[in-house]
Amino acid sequence: MVEFEVPEIDYTDYSNRQLAAVPLAVLAVALLIIGGWYVATGYPVNPGLEFIGGTELRIDVEDGDARAQIDEAFAAEPDSVRQVASDGSYIITFRAGDASTSELESQANDAGFEVRAIDSVSPSFGSDTQFLALGGLLVAFTGMSVLVFAMFRTFVPSVAVVASAFSDVMVPLAMMNLLGIELTLGTVAALLMLIGYSVDSDILLNNSILRRTGDFYESTNWAMRTGVTMTVTSIAAMTVMTIAAWIFGIGLLTAIGIILVIGLLTDLMNTYLLNVSLLRWYKYEGVKR
Amino acid sequence: MFEKIKENYRVTLLIIICLLAAFALFSPTMAPEAGVGGEDADARQGVTNLQYGLDLAGGTRIQAPLIGMTADSVDFGGDSEADVPSNVADELEGIEETDVLARQEFEDEPGTVEVVNENVTEEEFAAAMDAAGYEYGDISTGVTQQTRKEAISVLEGKVNEAGLSGSTVREAGEFFIMVEVPGEGRQDVIDLIQERGSVRIDIYYQDDDGEYVTETAALTQDDFQTIGTAQQDDQSGPHVPVTVRSSVAPEFEQLLVDTGVAQAGGSTCRYEESPENTDPCLLLVVDDNVVNSFGMNPGLADSMRSGEWSQSPNFILTTGDFEDAQRVAVNLRAGALPAPLNIEAGTTSFISPTQGEEFRTNSLIVGIVAVFGVAGFVFLRYREPKVAAPMVVTALSEVFILLGFAAALGYPLDLAVIAGFIAVIGTGVDDLIIIADGVMAEGDVHSRKVFDSRFRKAFWVIGAAAATTIIAMSPLAILSLGDLRGFAIFTILGVLVGVLVTRPAYGDILRYLLTDK
């Protein structure tokens, strides 16, 4: 039978610098990608329909060459066309300004497509949403930081938690650019959830090292056994959810799932490399000062 | 027996809450009230009392702002709420009085003036205010709270009059109005709510010099006592029967006689074919567009001339086709929107009922798959059914309790709420793992005392993690970021239920299984 055992890492083999180097390098690359994207496109991440406006249709196309039918039916050039695996319907998006939603709807009806769903967002509404989403992320992150500082009341361990949560949000953002995932309300929700999720294992680690009696490495390994189990369970659940939601073409759940999987993987790295090294420095050198 | 319940009060509490949730979910006494129109609402209901939102039931949702600008702190200079709009409208080219709204809460206090026409710029508005001699504070985009409230009640009237059951109309965010209509197509809903729906009767006639002129607003919405439903028969075609208020009927009657609509032998209207060569006509005008024009039959004309008609002032508004008749009836009953909706500047979303049904089944499958993912992994990790099985059951009970909440609150389930359930399972299992590991660490648990101290330690972490999740989610629960509100609300509710009820109960179950006590 397959078994899952959390491996024990012998942290004594590595210096703090070595441990912290990997997650910091990853974070630096992520920030470079986001920064570069901002310089090149004006957005840190490609905004989706909900943020810049546009129209999305989900339609059934009768047999035959679906792509040709779609190209013929709509006067405007679609921004993207994707087929849903489970039911064979097509999800077509148009940029705002290329065609009005009512035009698109009547063109789809005239072509004999069965319209399953239509979503339209105006550019002005989209920019309001952008502002709200960004504000929400900032407030959530600040709130989390304040709470963490209030709970631990020591600088270095609190910074460790906040830094790792920051990286947990930034790395998925950079990965979205690389994988061509657009920022939607679903991905914003997932990023907020990550702030909550990622803090779980960090708090567990901090608590175990700072409050439990016993040697640093013992406490670390103890926290790691539980923490890794938690995170890997969530990753497993989110991976199957993402695949199932993608097959059914449920965009919201797919977006949430992908971001959580990437973020939780990042969190494993950050918690057990970056956080551990910061805490070890604090425990052995920081406290003495 | 009693001792045992007291000892395991956490489990007892969990069972009680689960029973309450089951009651909320399945009891017919908790069934949601049928919406206006009834039949549809019943058909959409299944075994449970759960209500489904748009993505899972099908329908149309439209969010749009009202068009308009507001000048605040306006000094009315003694003019009434009725005078100000006409004075301001006079200074704006091509703007009717109905496009200007003046509001004053108390006499002699500053009020607001709104212009609700998209063709007017802020500069033109400011110039008109100056020209009309009203001092004001600032001009800002958007209409007043009062106008939004009126618009909402008119829109509610419209969807109800159109027989669209289960619809909701409410404010969304600071400027937007949201209209949700289950089971209806996108374009139909837009057609219903987009027009302002001001209906009036004009009279088109020749004045003393033989020139054709129009007497506008001979009758307006408020002048009707009763409004019948749209009908169709062989004799008069599609029409809406109406009664004119007795207070205005004699005046209207006299006007019809004077203008010649009610001339001896009746009148035959040729407004559409040859407007320069016709008998006087009545024009049915909706939102400044002439919908239909008609003359008068000899019988009715005679009774007007004798003054009999105003004793029982019924007549019918004929329309070109039945759809127009329905539109006119709905508009007359619901009244006119104080300001038009700018649908182009909002969002629309339509899900067909079949798609909604598929989303319902598919999202259920996705949820179950996620639970199996968690369960499978937990079994692999612990290889001890005693630990893993209650873990899965506890996580599921959280979702069950949340479903009970949704049913009790009448909160419609949508995809975002289901995403919230999945998030709750995720955080829930995390916490249960912390409890299990915390309790089982450092050798076997023998006494209740050891168990309790370990449990308390584990619980500190859980509480801290729950607090951060709640903090992280609260902006979404407050901001109106589309569907995500439901996601955040149910994630927060789930975390609270988890920390206060289900996760402690799991501790008790685990203790029972591990300490044999």
Side-chain angles (χ1 to χ4, degrees), chain A residues 2-4 50 58 86-87 100-102 105-106 114-122 124-125 129 132-133 135-136 139-140 143-144 147-148 151 185-186 188-189 192-193 195-197 199-200 203-204 207 222 225-226 229-230 232-234 236-241 244-245 248 250 252-253 256, chain B residues 63 186-187 190 344-352 354-355 358-359 362-363 365-366 369-370 372-374 376-378 380-381 383 415-416 418-419 422-423 425-427 429-430 433-434 437-438 441 460-461 464-465 467-469 471-476 479-484 487-488 491:
Chain A
V2 196
E3 285 176 12
F4 174 77
E50 283 147 329
R58 183 165 174 161
S86 68
D87 55 18
S100 86
T101 310
S102 298
E105 186 182 4
S106 62
E114 197 201 314
V115 178
R116 285 166 162 260
I118 307 170
D119 279 295
S120 79
V121 176
S122 74
S124 64
F125 191 89
T129 312
L132 276 180
V139 170
M144 180 276 293
L147 193 66
V148 165
M151 283 188 302
L185 287 177
V188 170
L192 285 170
M193 234 162 108
I195 294 179
Y197 260 158
V199 172
D200 283 16
I203 291 179
L204 185 73
N207 186 53
W222 181 86
R225 214 170 37 241
T226 308
T229 307
M230 273 159 51
V232 174
T233 310
S234 301
M238 287 304 148
T239 309
V240 289
M241 183 190 96
F248 291 129
I250 307 179
L252 182 74
L253 298 185
I256 291 181
Chain B
Q63 274 188 77
R186 180 179 169 278
Q187 199 58 50
I190 290 182
E344 302 290 304
T347 72
T348 65
S349 146
F350 160 75
I351 307 273
S352 75
T354 32
Q355 180 69 61
E358 275 176 32
F359 271 155
N362 294 346
S363 60
I365 296 174
V366 171
V369 162
F372 271 108
V374 168
F377 199 81
V378 165
L380 280 185
R381 170 73 179 82
R383 282 165 286 140
L415 286 175
I418 287 176
I422 294 172
I425 295 182
T427 61
V429 169
D430 274 10
I433 290 172
I434 294 177
D437 278 8
W460 190 88
V461 178
T468 42
T469 305
I471 291 267
M473 282 296 159
S474 48
L476 272 190
L479 298 175
S480 64
L481 266 178
D483 305 338
L484 292 187
F487 170 76
T491 308

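Each chain gets a letter, A, B and so on, in the order its sequence line appears, and its residues count up from 1.
- Between the side chains of B:T427 and A:D200, not a single donor N or O lies within less than 3.5 Å of an accepting N or O.
- Looking at A:L132, the atoms closer than 4.5 Å to chain B (heavy atoms on both sides) sit in the backbone and in the side chain alike.
- Among all heavy-atom pairs drawn from A:V139 and B:P475, the shortest one is CG1-CG, 4.1 Å.
- Of the inter-residue distances, the one linking A:I250 atom CD1 with B:N362 atom CG reads 5.0 Å to the nearest 0.5 angstrom.
- Contact annotation for B:V374: both backbone and side-chain heavy atoms come within less than 4.5 Å of a heavy atom of chain A.
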| task | With side-chain contact (heavy atoms from CB on, under 4.5 Å) as the test, would you mind laying out the steps for A:D87 and B:E358 before giving the verdict? | result | CA-CA 9 Å; A:D87 55 18; B:E358 275 176 32; 3.1 Å; yes
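- For B:F350, the parts lying near chain A are the backbone and the side chain together; criterion is any non-hydrogen pair under 4.5 Å.
- Every residue two or more places apart in sequence or in another chain that forms a salt bridge (Lys or Arg N to Asp or Glu O under 4.0 Å) with A:E105 is listed here: B:R186.
- Contact of the A:F248 side chain with the B:I365 side chain is registered, since non-hydrogen atoms from C-beta on lie closer than 4.5 Å.
- Interface remark: B:A416 contributes backbone and side-chain atoms alike to the contact with chain A (heavy atom separation under 4.5 Å).
- Of the two parts of A:S124, only the side chain, counted from C-beta on, holds a non-hydrogen atom closer than 4.5 Å to a non-hydrogen atom of chain B.
- Residues A:D119 and B:T347 form no side-chain contact, since every pair of their non-hydrogen atoms from C-beta on lies 4.5 Å or further apart.
- Between the B:T468 side chain and the A:M144 main chain, no donor and acceptor come within less than 3.5 Å of each other.
- Within the 4.5 angstrom heavy-atom criterion, atoms from both the backbone and the side chain of B:S363 approach chain A.
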